[in-house]
Amino acid sequence: MRLIETEDDIAEGIDHLRRVDPRLHEVIELAGPVPLRRRPPGFSGLCEIVVAQQLSKASADSIFRRLTDTLGTVCPNGIMDACDDTLRGCGLSAPKIRTLRAIAESAGDGSLPVDELGARPADEATELLTAVKGIGPWTAEVFLLFCLGHRDIFPAGDLALQIAVAEAFGMDERPKPKALVEIAELWSPWRGVAARLFWAYYRVCRQGRDAMPL
């Protein structure tokens, strides 16, 4: 299965988007370089995505760093063995503690084969992930995009993507997830690059290119 693993993959995806959708030409020019933004796969990578839910990058990185320092290694046994007070001390909320424990339990009993998800089709991997209590579509899709490198994922429920597409295409209001899924179909099989492109466009429009992450 073809994955997004290198800057060359991003470039190939951008070339595809430029060919199939002329509306993206200006978006591509304004966004500038589109970051790869790959994260570690596996259990630790999934936990990092959960920690990042509804937090700024700086806050999420700080909490996950404390979690890693406290546990040594973020692994199923470490999450299950740590008491709630220890996990709260790292900055985790009660819902996120419950989600991390649910992931650890599912990984431990084999119902969530975290290390095998990269070889599964995106829809099958998403189904396995969202079967775990606390993991919704956004978390599953972001994990597949950035930790596993699936190339044809577009998290249509992401607010920044909705806003970016609406602004780029001159829409009166941001599209609902179902409508955005339909818009993104044209960009297959490089919807994962399209998502990165619109996130880059969103940041540049609000903060300028100097604020773009490497």
Side-chain angles (χ1 to χ4, degrees), residues 1-5 9 36-55 57 59-159 161 177-178 181 184 188-189 191-192 195-196 199:
M1 180 172 57
R2 180 71 182 278
L3 301 175
I4 299 173
E5 299 181 293
D9 295 327
L36 180 61
R37 296 177 62 190
R38 282 297 300 269
R39 293 173 176 241
F43 180 84
S44 178
L46 179 55
C47 290
E48 188 172 2
I49 297 297
V50 170
V51 169
Q53 291 171 345
Q54 299 180 321
L55 292 177
K57 185 178 186 302
S59 296
D61 287 348
S62 177
I63 291 172
F64 194 76
R65 185 163 51 249
R66 291 200 297 272
L67 181 65
T68 301
D69 291 343
T70 298
L71 300 184
T73 301
V74 180
C75 62
N77 287 341
I79 294 293
M80 295 303 291
D81 292 343
C83 67
D84 285 358
D85 286 343
T86 295
L87 297 177
R88 278 195 296 267
C90 296
L92 291 168
S93 65
K96 288 185 180 179
I97 291 173
R98 289 194 293 270
T99 299
L100 294 184
R101 293 200 190 282
I103 295 170
E105 183 177 355
S106 298
D109 66 20
S111 59
L112 180 64
V114 180
D115 294 329
E116 301 174 12
L117 292 178
R120 305 288 183 97
D123 55 351
E124 181 182 340
T126 300
E127 184 176 352
L128 288 167
L129 285 161
T130 54
V132 178
K133 188 172 183 179
I135 296 183
W138 182 89
T139 300
E141 290 165 346
V142 169
F143 176 70
L144 292 175
L145 263 181
F146 295 120
C147 294
L148 301 185
H150 277 261
R151 71 166 177 163
D152 205 26
I153 297 288
F154 195 91
D158 186 89
L159 179 61
L161 290 182
K178 183 178 179 180
V181 167
S188 183
R191 284 177 287 189
R196 287 170 167 84
W199 273 316

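The NE2 atom of H150 sits 10.5 Å away from atom CZ of R120, with the distance rounded to the nearest 0.5 Å. Note: C90 SG to D85 CG = 11.0 Å, rounded to the nearest 0.5 Å. Between F64 atom CZ and L92 atom CG the span is 9.5 Å, to the nearest 0.5 Å. If you take CD1 on I153 and CZ on F143, they are separated by 11.5 Å, rounding to the nearest 0.5 Å. A distance of 5.0 Å separates CG in L67 from CD1 in I79, rounded to the nearest 0.5 Å. Here the CD atom belonging to E5 is positioned 10.5 Å from the CG atom belonging to L148, to the nearest 0.5 angstrom.
Remark: S111 engages D109 in a side-chain hydrogen bond (donor to acceptor under 3.5 Å, both in side chains) (not counting sequence neighbours).
Although no hydrogens or angles enter the test, the distance criterion places no donor-acceptor pair under 3.5 Å between the side chain of T139 and the main chain of I135. Proximity of a side-chain donor or acceptor of R196 to a complementary backbone N or O of L36 within less than 3.5 Å is detected. Judged by distance alone, with hydrogens and angles left aside, the side-chain atoms of K96 form a donor-acceptor pair with the main-chain N or O of Q53 at under 3.5 Å. Without hydrogens or angle criteria, R38 side chain to I4 main chain gives a donor-acceptor distance under 3.5 Å. A donor-acceptor pair is defined here as one N or O able to donate and one able to accept, closer than 3.5 Å; no such pair exists between the side chain of D115 and the backbone of G42.
Of all the heavy atoms in F43 and C75, the pair that sits closest is CE2-C, 3.3 Å. Taking both residues in full, the closest heavy atoms of A156 and P177 are given as CB-O, 3.4 Å, listed atom of the first, atom of the second, then distance. A pairwise comparison of heavy atoms in L145 and G192 identifies CD2-CA, 3.4 Å as the closest pair. Contact between A60 and V51 at its shortest, heavy atoms only, is O-CG1, 3.8 Å.
A 4.5 Å side-chain heavy-atom check between L129 and L144 finds at least one atom pair inside the cut-off.
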**Q.** Test log, rule side-chain contact (heavy atoms from CB on, under 4.5 Å), inputs I63 and L55
**A.** CA-CA 10 Å; I63 291 172; L55 292 177; 3.8 Å; yes
Q: Could you please spell out the steps behind the side-chain contact (heavy atoms from CB on, under 4.5 Å) verdict for T70 and L87?
A: CA-CA 9 Å; T70 298; L87 297 177; over 6 Å; no
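Heavy atoms from other residues, nucleotides or ligands lying under 6.0 Å from CD of E127 number 12 at most.
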